[in-house]
Amino acid sequence: MTMLRVQDAELYYQARGTGPFLLISQSGEGDADRSVDLVDHLADAYTVITYDRRGLSRSTGIGATASVRQHADDVHRLLAHLTDQPVIMLGLSLGASIGLHLAMRHPEQLGLLIAHEPVSPWLLPAAERDRHRAELAEIRGLYLEAGLPAALKEVTRVLGITGGGAGGGAEPGLTPQPMTAQRQANFDHFIRHDFRAVIDDDLDLTGCRTRILPAAGLTTPATVFDRRCADELAALLRTEVAMLPGGHNGNLTHPRAYAARLRELLPALLPAS
């Protein structure tokens, strides 16, 4: 396994393909293998980096809460290990929140951050921010009391996750992602620990020098938490939200279309070589 020692943990990571570096920081319980279908459609043009966030799968740090800032420091160390050139980062949900911290603290490492529906309550107006932080705390409490199935129903509702399985509009031929014991363990870490990190997270983007593209899924309802964060990020940056195929997890349910849209967007967003 390819492992990197970071502060108080070891990260597992993968690199596939050839071309400029593109780091995917996955959402939720997703590990380095979660976006495998998306990587398949990008690896001919990019060197795609994926990794197990600390506490998930092959990385260490299980059972300990790391802040979003700590997760960003892990990515900083991973990128410093791989290259001295700025990279493209696709941050998905929690991965987007991690990317915002990296963009602020290490702008030299990022040529572009695509922040797809960041789960960052601090982006929202005060009353809305407090309501969603309380909502996330309630889901965490529900998980501890009633277990994963009950909690996942609420996660789906809060994030506006539309059906991506059979009959839900997902692309055909996707790699199966069954609810294995490892995925259940990853969900446990995510909800116990990373939910707490999201609730406590805060950041001031004033003076940020990184180019950031807020993004959202075409089928994500406009009123849900994650889409509202994308909209508020766009307003803060005085730009528009880029709409990508699928919903909150469009990278998983529509990897071909998602990759095709990235290929359309990236040449116009990156400086000429």
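The two atoms that bring M3 and S59 nearest to each other are CE-CA, 4.5 Å, heavy atoms only. Annotation for L252 and S35: closest pair CD2-OG, 4.0 Å, computed over non-hydrogen atoms. The shortest heavy-atom contact between A215 and I114 is CB-CG2, 4.0 Å. Closest heavy-atom contact between C229 and P121: SG-N, 4.4 Å.
Atom CD of residue E108 and atom OG1 of residue T210 lie 8.0 Å apart, to the nearest 0.5 angstrom. Here the straight-line distance linking atom CD of Q70 with atom NE2 of H76 works out to 11.0 Å at 0.5 Å rounding. Here the OG1 atom belonging to T219 is positioned 11.0 Å from the NE2 atom belonging to H248, to the nearest 0.5 angstrom. Expressed to the nearest 0.5 Å, how far CD of Q109 lies from CZ of F21 amounts to 12.0 Å. Atom CD1 of residue I161 and atom CG of residue L152 lie 8.5 Å apart, to the nearest 0.5 angstrom. Taking CG from L90 and CD1 from I24, the interatomic distance works out to 5.5 Å, rounded to the nearest 0.5 Å.
Cluster membership check: L56 does not share its hydrophobic cluster with L11, using side-chain heavy-atom separations under 4.5 Å among Ile, Leu, Val, Met, Phe, Trp and Tyr. By the criterion of side-chain heavy atoms lying less than 4.5 angstrom apart, applied directly or through intervening Ile, Leu, Val, Met, Phe, Trp or Tyr residues, L233 is not grouped with V241; the two fall into different hydrophobic clusters. Note on Y143 and M179: same hydrophobic cluster, where clusters join Ile, Leu, Val, Met, Phe, Trp and Tyr whose side-chain heavy atoms are under 4.5 Å apart, directly or indirectly. Transitive grouping of hydrophobic side chains (ILVMFWY, heavy atoms separated by less than 4.5 Å) keeps V36 and Y13 in distinct clusters. L236 and F225 fall within a single hydrophobic cluster, where Ile, Leu, Val, Met, Phe, Trp and Tyr side chains are chained together by heavy-atom contacts under 4.5 Å.
Side-chain contact between H101 and L203 is present, with heavy atoms from C-beta onward closer than 4.5 Å. Counting only heavy atoms from C-beta outward, the side chains of L159 and V119 approach each other to under 4.5 Å. Within the 4.5 Å cutoff, no side-chain heavy atoms of T47 are placed close to those of T83. At a threshold of 4.5 Å between non-hydrogen side-chain atoms, the residues S25 and Y51 count as touching. Residues D33 and T50 are not in side-chain contact: their nearest non-hydrogen atoms beyond the backbone lie 4.5 Å or more apart. The shortest distance between side-chain heavy atoms of S27 and N249 falls below 4.5 Å. L100 places a side-chain heavy atom less than 4.5 Å from the side chain of P118. For the pair V224 and E117, the minimum side-chain heavy-atom distance is 4.5 Å or more.
Judged by distance alone, with hydrogens and angles left aside, the side-chain atoms of E135 form no donor-acceptor pair with the main-chain N or O of V158 at under 3.5 Å. Without hydrogens or angle criteria, R133 side chain to I199 main chain gives a donor-acceptor distance under 3.5 Å. A donor-acceptor pair under 3.5 Å is absent between the side-chain atoms of R77 and the main chain of R5, judged by distance alone. A donor-acceptor contact shorter than 3.5 Å is absent between the side chain of H132 and the backbone of D226. Side chain of R227 to backbone of G217: no donor-acceptor contact under 3.5 angstrom is found. Panel note: side chain D52, backbone R58; a donor-acceptor pair is recorded below 3.5 Å. The closest donor-acceptor contact from the side chain of T60 to the backbone of E10 lies under 3.5 Å.
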Exercise for the section: Evaluate the side chain to side chain contact (heavy atoms under 4.5 Å, CB included) criterion for residues R211 and L213: first the C-alpha distance (whole Å), next the side-chain angles of each, then the deciding distance (0.1 Å), finally the verdict. Expected result: CA-CA 7 Å; R211 182 158 197 181; L213 178 68; over 6 Å; no
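Between R263 and D44 there is a salt bridge, with a side-chain nitrogen of the basic residue lying less than 4.0 Å from a carboxylate oxygen of the acidic one. Salt-bridge check for R228 with E232: passed, with a basic side-chain N closer than 4.0 Å to an acidic carboxylate O. Remark: R16 engages D40 in a salt bridge, criterion side-chain N to carboxylate O under 4.0 Å. Between R69 and D73, no side-chain nitrogen of the basic residue sits less than 4.0 Å from a carboxylate oxygen of the acidic one, so the salt-bridge criterion is not met. A salt bridge is defined here as a Lys NZ or Arg NE, NH1 or NH2 lying under 4.0 Å from an Asp or Glu carboxylate O, and E29 with R34 meets this definition.
Of the N and O atoms on the side chains of H116 and N251, not one donor lies less than 3.5 Å from an acceptor on the other residue. Side-chain contact, N186 with Q182: a donor N or O sits under 3.5 Å from an acceptor N or O.
Taking the ring centroids of F190 and F195, they lie under the 6.0 Å cut-off.
Heavy atoms of other residues, nucleotides or ligands lying less than 6.0 angstrom from CD of E264 number more than 12. Other residues, nucleotides and ligands place more than 12 heavy atoms under 6.0 Å from the CD atom of Q184.
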